[in-house]
Amino acid sequence: MELGRLEYLQALVTEFQVTDSTGNKRRCSLALSLSNVSTHTRPFSLAEAKEQVLANLANFAYDPSNYEYLRQLQVLDLFLDMLTEDNETLVEFAMGGLCNLCLDKTNKEYILEAGGVEPIINCLSSSNEETVVSAVTTLMFLTTPRSRAQTTALPVVECMLRFSLSANTRLSNLASIFLQDYCSPPQVEEARNLSKHTAVGIPLPKD
């Protein structure tokens, strides 16, 4: 059964990576079977199929029993690569997958060593609420004595101050936790004095 799980995850990764026209057909078929959308009356586009497969990989990242397989298949690298895509849905699912994975110490260390903090910070500027929430949560999980200088850099703290003023309760509460639990009072004060809560900087996500 465990071998079957590895093979299935390998199939997902392969389907995502195939780029030829034949692969497009196979990818669409797999995406349809995974999504269980019986009312879908038109073929999936290449982008939609990739989104479905990436969403499923992100869902598998919830289960710690899949962590070793996902590392073996370099899914963490795949998620990190997707953070710079123009397709906001791919970024959302990739960010969600990383958020699921980074509670694990080995995964956390891998993401940090791979230079994953910078692209995650860049996701704070997304207009997609889910992407931003996952990015904030992931930065929390990735904060260690070694990474703290980067995860709580001044621009990040300024961003969290702005998010804490958001009318979006989910985002404002999460940002407040970040400021209270992961930033020192001097850091918060410096960011507050610098920004004065102006609209300049990382924009708030759309509601």
Student: Nearest 0.5 Å please: distance from the OH atom of Tyr69 over to the CZ atom of Phe60.
Tutor: 12.0 Å
Student: Side chains of Glu92 and Asn128: donor-acceptor distance under 3.5 Å anywhere?
Tutor: yes
Student: Where do Phe16 and Val53 come nearest, in terms of heavy atoms and distance?
Tutor: CB-CG1, 3.9 Å
Student: I'd like to know whether Gln187 forms a side-chain contact (heavy atoms from CB on, under 4.5 Å) with Leu154, so could you lay out the CA-CA distance, the side-chain angles of the two residues, the decisive distance to 0.1 Å, and finally the verdict.
Tutor: CA-CA 7 Å; Gln187 281 181 300; Leu154 185 58; over 6 Å; no
Student: For the residue pair Val157 and Val188, what are the closest heavy atoms and their distance?
Tutor: CG1-CA, 4.0 Å
Student: So, do Thr106 and Tyr67 sit near enough that their side-chain heavy atoms are less than 4.5 Å apart?
Tutor: no
Student: For Thr152 and Met160, run side-chain contact (heavy atoms from CB on, under 4.5 Å): C-alpha distance rounded to whole Å, both residues' side-chain angles, the deciding distance at 0.1 Å, then the answer.
Tutor: CA-CA 10 Å; Thr152 64; Met160 295 304 164; over 6 Å; no
Student: Please give me the minimum heavy-atom distance between Gln150 and Ile121, naming the atom from each residue.
Tutor: O-CD1, 3.6 Å
Student: Quick one: are Leu139 and Ile120 in side-chain contact, heavy atoms under 4.5 Å?
Tutor: yes
Student: Atom CG in Asn107, atom CZ in Phe79: separation rounded to 0.5 Å?
Tutor: 10.5 Å
Student: Between Arg71 and Asp104, is there a side-chain heavy-atom distance shorter than 4.5 Å?
Tutor: yes
Student: Against Met82, only a single residue in Leu90, Val91, Asp77, Leu98 fulfils side-chain contact (heavy atoms from CB on, under 4.5 Å); can you say which?
Tutor: Leu90
Student: State whether the side chain of Ser126 and the backbone N or O of Cys123 hold a donor-acceptor pair below 3.5 Å, judged by distance alone.
Tutor: no
Student: Within this structure, what is the CD-OG1 distance for the pair Gln10 and Thr14, rounded to the nearest 0.5 Å?
Tutor: 4.0 Å
Student: Is Glu189 close to Arg192 at the side-chain level, that is, under 4.5 Å between some pair of heavy atoms?
Tutor: yes
Student: Find out whether Leu12 and Val75 are in side-chain contact, i.e. whether some heavy atom of one side chain is under 4.5 Å from a heavy atom of the other.
Tutor: no
Student: Would you say that Leu78 contacts Leu54 through its side chain, given a criterion of any heavy-atom pair below 4.5 Å between the two side chains?
Tutor: yes
Student: In terms of side-chain heavy atoms, does Glu130 have a donor or acceptor partner in Ser134 at a distance below 3.5 Å?
Tutor: no
Student: Are the side chains of Val156 and Thr151 in contact, using a 4.5 Å heavy-atom criterion?
Tutor: no
Student: Locate the shortest heavy-atom distance separating Ser164 from Ser172; write the atom from each residue and the value.
Tutor: O-CB, 3.5 Å
Student: Looking at every non-hydrogen atom in both residues, tell me the closest pair between Asn100 and Ala61 and how far apart they are.
Tutor: CB-O, 3.4 Å
Student: How many angstroms lie between atom OG of Ser176 and atom CG of Leu165, to the nearest 0.5 angstrom?
Tutor: 8.5 Å
Student: Passes side-chain contact (heavy atoms from CB on, under 4.5 Å), Lys50 versus Asn87? Steps please.
Tutor: CA-CA 10 Å; Lys50 290 184 71 173; Asn87 182 324; over 6 Å; no
Student: Which value, rounded to the nearest 0.5 Å, describes the distance between Thr138 atom OG1 and Met95 atom CE?
Tutor: 3.5 Å
Student: Any link between Leu57 and Tyr8 through a network of hydrophobic side chains (Ile, Leu, Val, Met, Phe, Trp, Tyr) touching at under 4.5 Å?
Tutor: yes
Student: Does anything in residues 106-119 form a salt bridge (Lys or Arg N to Asp or Glu O under 4.0 Å)? List the pairs, not counting sequence neighbours.
Tutor: Glu113-Arg146
Student: If you group Ile, Leu, Val, Met, Phe, Trp and Tyr whenever their side-chain heavy atoms sit less than 4.5 Å apart, what else falls in with Leu103?
Tutor: Phe141
Student: Looking at Asn173, Leu124, Val133, which one forms a side-chain contact (heavy atoms from CB on, under 4.5 Å) with Phe163?
Tutor: Leu124
Student: Start with the C-alpha gap between Leu171 and Glu129, add the side-chain angles, then the distance that decides, and say whether side-chain contact (heavy atoms from CB on, under 4.5 Å) holds.
Tutor: CA-CA 8 Å; Leu171 181 60; Glu129 178 188 341; 5.6 Å; no
Student: With rounding to the nearest 0.5 Å, note down the distance linking SG in Cys102 to CE in Met140.
Tutor: 11.0 Å
Student: Side chains of Asn59 and Phe93, heavy atoms from C-beta outward: is any pair under 4.5 Å?
Tutor: no
